[in-house]
Amino acid sequence: MTQRRSGSSARPASPVLSGLAAEGVSVWLDGLTRSALADGSFATWVRGGAVTGAVLSAAPVLREVRARTGHPYREQIDTLARRRTAPEAIVRALFSHDARWACDLLAPVHAAADGLDGWVCVDLPQDTGRDTPSALAAAKSLARVVNRPNLLIRVPATDAGTDLVSVCAAEGIGVNAALVHSVDRYTDVLDAYWQGLEHALRTGRDLSRHVCVVTVEVADVERAVDRALARSPGGNAAGPLRGRAALALARGVYDIHERALDSGRWGALRRAGARPYRIGWSGADAERPAADLDMAGRIRHVEEIVAWRTAHLLAPGILTEVAARAAPDGDSLTGEGPTAREFRALLRQRGVAVDRLAGELTEHRVRRLRRHGDGLLAAVRETPSVRAYG
């Protein structure tokens with residue numbers, strides 16, 4: 001079983017966040033932008049202990065670039081454009097700059113947590129090749145340019161992405177396996193991570209520097225399951241199952257997590273220096289405009305999904321509401337594997353094919369990430385300075 005240890009450098013000012021921290025639950029900001037870095041709000045959250053990690057991705061940056069004429073990325077874009085830097089390289093530079101900034105702000109958290117928190121997750125560049133060697137080269141390049149110990153490369157947990165997780169683990173590149181929509185996919189990622197660690201051990205590497213965080217898309221799955229239940233025969237009678245899929249998925253994943261940490265395989269890796277890994281619960285909040293967020297549902301997920309060495313990934317608006325009015329229930333995942341399996345059996349009886357839904361959700365999210373990346377690249381290309389010097 002997981003041993004409980006300190007996970008942050010400061011106690012959160014909010015009683016809600018203090019309660020989560022006491023249960024071993026971190027809060028990471030999903031959708032960090034340069035505005036939050038430049039105006040000091042992210043630093044304030046970090047110093048107050050409210051936030052102990054962050055996710056940098058294209059969607060919120062794209063919204064900021066499109067919405068504001070004088071957006072905070074403009075000066076850097078203009079400077080690089082005057083040097084006739086390619087638009088793809090400009091986008092990489094934007095993310096690298098913000099990643100270093102965020103990593104430095106979170107460095108005290110990372111040190112106080114003995115390297116078990118204080119992470120910044122950053123997407124691979126949009127122009128990265130989709131084969132594993134190309135993706136690995138891009139991951140190495142991003143890690144080298146940012147050059148911070150608390151950086152994680154965010155990799156979608158597709159079949160190809162799972163292969164990349166293993167290679168990154170073997171190479172000592174911190175990785176965030178994202179877009180996990182099922183217990184089976186979580187198991188695949190965990191096996192890939194451990195394969196990478198075992199390879200690293202055989203080659204004499206220090207396993208204490210090989211890190212993986214797995215992000216599980218609980219809100220995505222719940223929305224899809226609830227829609228499927230509404231369409232199923234006798235959908236009105238499925239009411240008690242609605243709004244329960246996020247918690248059930250979290251319980252199923254955490255059950256695998258608990259059993260994995262009790263396994264002989266993990267024991268051997270732990271004795272060789274491997275560090276415990278963290279699970280993040282996501283609502284894909286950063287990919288949606290604030291007006292489209294399910295505030296009540298996301299608060300409920302934070303209240304319901306509580307267990308040691310996990311993290312909730314929250315957009316700024318949701319983070320504020322959670323800090324003000326959430327009422328976490330205490331540990332709701334430990335020992336709840338049978339409950340998760342019972343829920344999954346009930347879904348099968350209703351004709352809900354969870355595995356098929358998970359695959360479709362992953363494909364949809366990967367396409368959406370690519371659209372956001374393509375959109376950001378297009379927005380940079382349309383910047384007047386880039387058009388003038390390109």
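The analysis underlying the following values was restricted to heavy atoms, covering all of them including side chains, and did not include hydrogens, waters or symmetry mates.
- Looking at heavy atoms from C-beta onward, L106 lies out of side-chain contact with W119 at the 4.5 angstrom threshold.
- Linking Ile, Leu, Val, Met, Phe, Trp and Tyr residues whenever their side-chain heavy atoms come within less than 4.5 Å leaves L313 and L369 in two separate clusters.
- The ring pair (Phe, Tyr, Trp, His ring centres under 6.0 Å) search around H372 returns none, not counting sequence neighbours.
- Checked by atom type and distance alone, the side chain of S166 never pairs as donor or acceptor with a backbone atom of D163 at under 3.5 Å.
- The distance from the CD1 atom of I77 to the CG atom of L94 is 5.0 Å, given to the nearest 0.5 Å.
- Remark: the backbone N or O of P328 is not paired with any side-chain donor or acceptor of E303 at under 3.5 angstrom.
- Among V180, V165, N176, L190, the single residue meeting the side chain to side chain contact (heavy atoms under 4.5 Å, CB included) criterion with V214 is V180.
- Separation of the Y277 and H257 ring centroids falls under the 6.0 Å cut-off.
- Counting only N and O atoms by type, the side chains of D159 and T162 include no donor and acceptor under 3.5 Å apart.
- Residues W281 and Y254 keep their aromatic ring centres 6.0 Å or farther apart.
- Taking both residues in full, the closest heavy atoms of D123 and A58 are given as OD2-N, 4.0 Å, listed atom of the first, atom of the second, then distance.
- Other residues, nucleotides and ligands place no more than 12 heavy atoms under 6.0 Å from the CZ atom of R209.
- Between D104 and R100 there is no salt bridge, since none of the side-chain N atoms of the basic residue sits less than 4.0 Å from a carboxylate O of the acidic one.
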*Decide yes or no on salt bridge (charged side-chain N to carboxylate O under 4.0 Å, His left out) for R242 and D226, but give the supporting numbers first.*
CA-CA 5 Å; R242 293 178 190 167; D226 285 356; 5.8 Å; no

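- For the 3.5 Å distance criterion, the side chains of S282 and E217 qualify, holding a donor opposite an acceptor.
- Neither V55 nor V155 shares a network with the other; the hydrophobic side chains, linked directly or stepwise wherever heavy atoms of I, L, V, M, F, W or Y lie under 4.5 Å apart, form separate groups for each.
- In this structure, a donor-acceptor pair under 3.5 Å is present between the side chains of H301 and E222.
- Between A326 and V16 the shortest heavy-atom distance is O-CG2, 3.1 Å.
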_Show, in sequence, the C-alpha distance, side-chain angles and deciding distance for L179 and T215, and conclude whether the side chain to side chain contact (heavy atoms under 4.5 Å, CB included) test is met._
CA-CA 6 Å; L179 308 189; T215 303; over 6 Å; no

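- In this structure, the side chains of D255 and V183 stay at 4.5 Å or more apart for every pair of heavy atoms.
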_Determine whether E382 and R387 satisfy the following criterion, salt bridge (charged side-chain N to carboxylate O under 4.0 Å, His left out), listing intermediate values before the conclusion._
CA-CA 6 Å; E382 290 301 311; R387 297 181 67 181; 3.4 Å; yes

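- No side-chain N or O of R82 forms a donor-acceptor pair with one of S385 less than 3.5 Å apart.
- Between the side chain of S332 and the backbone N or O of V306 there is at least one donor-acceptor pair closer than 3.5 Å.
- Using a 4.5 Å cut-off between side-chain heavy atoms of Ile, Leu, Val, Met, Phe, Trp and Tyr, with links allowed through other members, V122 and V211 fall into different hydrophobic clusters.
- A side-chain N or O of T339 and one of E336 form a donor-acceptor pair less than 3.5 Å apart.
- We find that R300 and D329 are not joined by a salt bridge, their nearest charged nitrogen and carboxylate oxygen being 4.0 Å or further apart.
- A donor-acceptor pair is defined here as one N or O able to donate and one able to accept, closer than 3.5 Å; no such pair exists between the side chain of S96 and the backbone of A93.
- S182 and D184 share no donor-acceptor pair across their side chains, judged by distance under 3.5 Å alone.
- Judged purely by atom type and a 3.5 angstrom limit, S263 uses its side chain to pair as donor or acceptor with the backbone of A260.
- A donor-acceptor distance shorter than 3.5 angstrom exists from the side chain of R205 to the backbone of A170, with no hydrogens or angles considered.
- No side-chain donor from either of R202 and H199 sits under 3.5 Å from a side-chain acceptor of the other.
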*Would R265 and E198 satisfy salt bridge (charged side-chain N to carboxylate O under 4.0 Å, His left out), going step by step from the backbone distance to the final call?*
CA-CA 10 Å; R265 188 181 181 189; E198 288 160 349; 2.7 Å; yes

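- Looking at T334 and D331, their side chains do bring a donor and an acceptor atom within 3.5 Å of each other.
- Scanning for side chain to side chain donor-acceptor pair (under 3.5 Å) contacts around S208 gives D206, with sequence neighbours left out.
- Between the side chain of S41 and the backbone N or O of L37, no donor-acceptor pair lies under 3.5 Å.
- Applying the 6.0 Å contact sphere to CD of E360 captures more than 12 heavy atoms from other residues, nucleotides or ligands.
- Among R148, R92, R34, the one residue that satisfies the salt bridge (Lys or Arg N to Asp or Glu O under 4.0 Å) test with D98 is R34.
- In terms of heavy atoms, R278 sits closest to T310 at NH1-O, 3.0 Å.
- Considering only heavy atoms from C-beta on, L56 stays 4.5 Å or farther from T33 through its side chain.
- In this model, a donor atom of one side chain and an acceptor atom of the other lie less than 3.5 Å apart for D117 and T52.
- Between E88 and R381, at least one side-chain nitrogen of the basic residue sits less than 4.0 Å from a carboxylate oxygen of the acidic one, meeting the salt-bridge criterion.
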*Determine, stepwise, if the pair D294 / R223 fulfils salt bridge (charged side-chain N to carboxylate O under 4.0 Å, His left out).*
CA-CA 10 Å; D294 176 11; R223 283 188 291 267; 5.6 Å; no

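- Separation of the H312 and W28 ring centroids does not fall under the 6.0 Å cut-off.
- Residues R275 and D114 meet the side-chain proximity criterion, which asks for heavy atoms closer than 4.5 Å.
- Looking only at side-chain heavy atoms (C-beta outward), W101 and L32 stay at 4.5 Å or farther from each other.
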